[in-house]
Amino acid sequence: MIQKVIRIFYNLQPILALLVILVTATRAQEGFQSKKLKHYATLGYNIGAAAPLGLPNTIRKIKSYSPLFTPSFGYEATYDLSSKWFVGTGLRLDFKGMKVTDSVQYFRTQITVGDGGSDDGVFEGDFTGTNATEANNTYLTMPIYGGYRAGA
């Protein structure tokens, strides 16, 4: 159910972005007031970074886990529709990552040896022993949102 809602919202993002642009352009023609448009630079740190979820039963023991340095940088702009309501959008660059070492038993794996030539070897099978994984992910997101200021 939640995945369907996320998929619907994801498909609506271009329409919402266009709506924000149209509202801003319409207001600009009506005598745009720069006090209604606010800009923000954001800097943050993602706590927890990346973590494996739904561990398979082939992982017997996690020996070590450490998140990597995971900063977040962004730019956001909001436009006041009234004293209480506003819309906003921006761009955000997030980094997430982890290092994990674990003991595995009967861990299904495939290893490709070589550089893509005809002498490459592909080995597939079950692995038992110590596994080391490092994940580095980079995300570029464009949040689009509306808000209400309580007590304004």
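Atom set for the values below is all heavy atoms of this structure, side chains included, hydrogens, waters and symmetry mates excluded. Because the structure is a prediction, the values reported are computed rather than measured.
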message: Evaluate Phe95 against Thr138 for side-chain contact (heavy atoms from CB on, under 4.5 Å), listing each step before the verdict.
response: CA-CA 5 Å; Phe95 298 92; Thr138 304; 3.5 Å; yes

- request: Apply the side chain to side chain contact (heavy atoms under 4.5 Å, CB included) test between Ser72 and each candidate in Leu43, Asp94, Thr42; give the one that qualifies.
  value: Asp94

message: Tell me the closest heavy-atom pair linking Tyr148 and Phe86, and the distance in Å.
response: N-CE2, 3.8 Å

- prompt: Applying the 4.5 Å side-chain criterion to the ILVMFWY set and letting contacts propagate, would Phe127 and Val122 be lumped into a single cluster?
  reply: no

query: Measuring from Leu140:CG to Arg92:CZ, what's the distance to the nearest 0.5 Å?
result: 10.5 Å

- request: Using a 4.5 Å cut-off on heavy atoms from C-beta on, say whether the side chain of Asp80 contacts that of Lys38.
  value: yes

message: Quick check: closest heavy atoms across Asn46 and Pro71, and the distance to 0.1 Å?
response: ND2-O, 3.7 Å

query: Tyr139, Met142: one ILVMFWY side-chain cluster at the under-4.5 Å cut-off?
result: no

message: Could you report the tightest heavy-atom contact between Gly97 and Thr70, atom names first, then the distance?
response: N-CG2, 3.5 Å

- request: Determine the interplanar angle of the Phe69 and Tyr45 rings, folded into 0 to 90°, and report it as parallel if under 30°, tilted if 30 to 60°, perpendicular if over 60°.
  value: tilted

task: Search all heavy atoms of Glu134 against all heavy atoms of Leu68 and return the closest pair with its distance.
output: OE2-CD1, 4.0 Å

- line: The reported gap from CG in Asn131 to CD in Gln105 (rounded to nearest 0.5 angstrom) is 13.5 Å

query: Is the shortest heavy-atom distance from the side chain of Thr109 to the side chain of Phe123 under 4.5 Å?
result: no

task: Decide yes or no for Tyr40 and Thr78: does some side-chain heavy atom of the first lie under 4.5 Å from some side-chain heavy atom of the second?
output: yes

query: Taking only residues two or more places apart in sequence or in another chain, which ones pass salt bridge (charged side-chain N to carboxylate O under 4.0 Å, His left out) with Arg108?
result: Glu124, Asp126

task: Determine whether Lys63 and Asp102 make a side-chain contact, defined as any pair of heavy atoms from C-beta on separated by less than 4.5 Å.
output: no

field: Nearest-0.5 Å distance, OH of residue Tyr75 to OG1 of residue Thr89
entry: 9.5 Å

- prompt: Once you round to the nearest 0.5 Å, how far does CZ of Arg60 lie from OG1 of Thr130?
  reply: 13.5 Å

task: Taking the side chain as every heavy atom from C-beta outward, state whether Thr128 and Tyr106 have any pair of such atoms under 4.5 Å apart.
output: yes

Gap separating the CG atom of Leu91 from the OG1 atom of Thr141, nearest 0.5 angstrom: 7.5 Å

task: Mind checking the NE2-CD spacing from His39 to Glu76? Nearest 0.5 Å is all I need.
output: 12.5 Å

